[in-house]
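This one's a predicted model, so the numbers in the text were calculated from it and none came from an experiment. All values below come from the heavy atoms of this structure, side chains included, with hydrogens, waters and symmetry mates left out.
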Amino acid sequence: MPTQGASITVAGGLDLVSSSHALFRTPGAATKLQNFESSTTGGYRRINGYTKFGEGSATIPSGVSTELIEGLVPYANGVIVCQGDDIYWGTDGINWTQINKDTYKVQTGTVSVTASSAVVTGSGTAFTTEFAVNDRIQINSINYRVLSITNNTELTLDYSVVSSASGEDVYKSGMSSADLSSATVEPRTNQTNCQFVNYESEGIYGTLYITDGNNKIAEFQITVSAGNNVFHFETLERSSPVNPKRCTIYAERLIVAGQSISDSTVAYSERLEPYNFTGSSAGTIDTGDVIVGIKVFRNTLVIFCKNSIFELTSLDSTPILKSVTKNIGCVDGNTIQEIGGDLVFLAPDGLRTVAGTARIGDVEIGSISRKILPLINDLLTNIANYTISSMVIRERSQYRLFYYQSGLPSSGQKGIIGTFKFDANGVPAFEWSQTQGMEIKKCSSALNPSNTEVQFGANESGYIYTLDSGNNFDGSNINARFQTPDMDYGDNGLRKSLYAVKANLEPEGTNCNVKLRIRYDFESTDVPQPGEFSIGCLSSAAVFATSLSSTNAGKFGTSTFGATTLPSKRILVTGSGFSNSFRFYTNDTDASYSVNGMFVSFIAGGRR
């Protein structure tokens, strides 16, 4: 009988809810998509791995592996790590600087202050050479900012002192890394689930604020003087919220929420003074519901509560608190991320978005995880057992959510990947896949000062990891599998004898371990099922230079010659049935690859 063929384009992502009959119409979707990601350019790509930050020379920030990491964030060409009761900063994963130290150093002379006045009078001081406007200054154990400097013996603080004092030493914040080693520690006792926000308008790296639900707000900044890093650390006073859990920057203010004395209240600082919660334009707003997360969305502050969602605007005049919904809340604030112009969060019925509408100032709540509802239901049912973290990979329009279970082996740790893209009809949607074996308890991503995206993660080993890096999970294999739905090629009553599959595979290096498995008639035990088929070695192609200055272009030893840019591997196969599925899989540490599609050749047989 004459041969027939069918071309399958891979697209759609993981679909765990559509019926087998409905999936006949979407053969490029996936019923299994483990450790693959839906690519924005098409197809499914095996994900990258993760490696220790510092590689073979990596060290634990605190030096104690049993001290848990409670948060991390990229900052100043490195990463900030909250571990145990302390905070560390490092740029190479090998050398770490403990930064939760008293960074104030005594300056020349003594000073006098008068209650209810902001003027400081010095004796033997050198204000014009030792201080500058906006410097952090400490007098009588209270921290201020320098508002103005009149001369060497007179300056003005940013707010009035409470009590008069004379003959007091005057201190200025700022220490070198060498000074920090002997400075007094300011412990962050029982810090947990640390949150970070960068007030980017201050200095070359901005000022980082840290909240954890148990300690006062921490303020940290690295400035640069004569090419050397200068470290500043302190905890906020001035009637600041005592122990907020959440923080963000909105309307040029520091916004915090989740204090133990009022877990339904949002507090906001003075405009342009994130360290000051006592000024006339600072204040608080009570939502009446337990706040679990806060995030800026366009020109509003979205407040995610346990059972409701609000928008806060107009902090420069009369604050307006508007209800978005009183029927849907957020399960975990660590799931909230901005991607594709929307906010993604985990609600009691799945992953949802806060999205803008055509009407100015209006938003809507959308559902985006229906196709992976079994995964979401399992997560929600057992959420008390998990530590949740999430991040975005901007260059791939990707949302990643990890749910880590303490005591579970790495092979059992799970996550979800959502790629935001447009379908063939131009409709925006998320395509989903899942991770298995990525042991990630905390994660964070950001653009560094060079505008390069960096991602870091941590688990309970004590080490920091560079995410989306390498071809293994910290030395372990990446077990990846993509399985199609059963497909009937348009006629479920006709038996087909498959004899060849021409798979379009795009390697990113050499991989000789890709296997193909075919199962007929929904893996029926009444039908003979063939063994696995080896696809052979995949090698990325050499790309020749378009100019003589192209680095490594066409250079021997850096590329594989004789390979095609979009190779198609023809595999001779066996077996027959009325429908069949395909599975591509690897379990190795070889280079990543993408499955873009396939052409299936078969001979039509009898009709049932």
Can you check whether [Y]'s main-chain N or O pairs, donor with acceptor, with [X]'s side chain at less than 3.5 Å?
X	Y	result
Gln107	Lys105	yes
Ser57	Gly54	no
Thr125	Asn152	yes
Ser308	Cys305	no
Glu453	Glu395	yes
Arg188	Lys216	yes
Ser262	Gln259	no
Asn100	Glu186	yes
Thr335	Leu346	yes

Handout entry: Check against side chain to side chain contact (heavy atoms under 4.5 Å, CB included), Thr265 and Ile285
Key = CA-CA 6 Å; Thr265 298; Ile285 298 286; over 6 Å; no

Ion pair [X]/[Y], N-O distance below 4.0 Å:
X	Y	value
Lys245	Asp212	no
Asp135	Arg145	no
Asp316	Arg253	yes
Glu338	Lys295	no

Closest non-hydrogen atom pair, [X] against [Y]:
X	Y	result
Ser269	Pro274	OG-CA, 3.4 Å
Asn190	Asn215	C-ND2, 4.5 Å
Leu72	Phe196	N-CE1, 3.5 Å
Leu301	Thr248	CD1-CG2, 3.7 Å
Gln455	Ser445	CG-CB, 3.6 Å
Thr300	Thr313	CG2-CG2, 3.4 Å

Exercise for the section: Could you check Glu460 against Lys441 for salt bridge (Lys or Arg N to Asp or Glu O under 4.0 Å), going step by step and ending with a plain yes or no? Expected result: CA-CA 7 Å; Glu460 294 184 352; Lys441 184 179 182 180; 3.0 Å; yes

Provide the full list of salt bridge (charged side-chain N to carboxylate O under 4.0 Å, His left out) pairs with a residue in [range], sequence neighbours left out, each pair given once.
range	answer
residues 106-126	none
residues 267-289	Glu252-Arg271
residues 78-92	none

Handout entry: Tyr403-Tyr386 aromatic ring centre distance below 6.0 Å
Key =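 Yes: the rings meet the under 6.0 Å criterion.
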
Problem - Test of ring centre spacing under 6.0 Å for Phe53 and Tyr465 - result: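 No, the ring of Phe53 stays outside the 6.0 Å limit from the ring of Tyr465, centre to centre.
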
Handout entry: Sole candidate of Glu219, Gln195, Gln221 that passes side-chain hydrogen bond (donor to acceptor under 3.5 Å, both in side chains) when paired with Tyr209
Key =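 Of the listed residues Glu219, Gln195, Gln221, the side-chain hydrogen bond (donor to acceptor under 3.5 Å, both in side chains) partner of Tyr209 is Glu219.
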
Problem - Pair listing, ring pair (Phe, Tyr, Trp, His ring centres under 6.0 Å) test, anchored in residues 245-286, at least two apart - result: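 Sorted result for residues 245-286: empty, none.
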
Practice task
Check the surroundings of atom CD in Glu55: do more than 12 heavy atoms from other residues, nucleotides or ligands lie under 6.0 Å from it?
Solution key: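 Open.
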
Exercise for the section: Show your working on side-chain hydrogen bond (donor to acceptor under 3.5 Å, both in side chains) between Gln398 and Arg400 and close with a plain yes or no. Expected result: CA-CA 6 Å; Gln398 198 173 97; Arg400 292 194 175 191; 2.6 Å; yes

Problem - Aromatic plane relationship, Phe231 with Trp89 - under 30° parallel, 30 to 60° tilted, over 60° perpendicular - result: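 It falls in the perpendicular class, over 60°.
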
Handout entry: Phe345 and Phe304 aromatic ring geometry - parallel, tilted or perpendicular at 30°/60° bounds
Key =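 The rings of Phe304 and Phe345 sit tilted, inter-plane angle from 30° to 60°.
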
Polar contact flag, side-chain donor to acceptor under 3.5 angstrom, [X]-[Y]:
X	Y	answer
Thr103	His232	no
Asp378	Thr381	no
Asn48	Asp468	yes

Problem - Any residue meeting ring-ring contact (aromatic ring centres under 6.0 Å, His included) with Tyr144, in chain and number order, not counting sequence neighbours - result: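 Partners of Tyr144 under the ring-ring contact (aromatic ring centres under 6.0 Å, His included) test: Tyr159.
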
Problem - Residue pairs involving residues 72-84 (criterion side-chain hydrogen bond (donor to acceptor under 3.5 Å, both in side chains); sequence neighbours excluded) - result: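 Counting only pairs at least two positions apart or across chains, the side-chain hydrogen bond (donor to acceptor under 3.5 Å, both in side chains) contacts touching residues 72-84 are Ser62-Gln83.
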
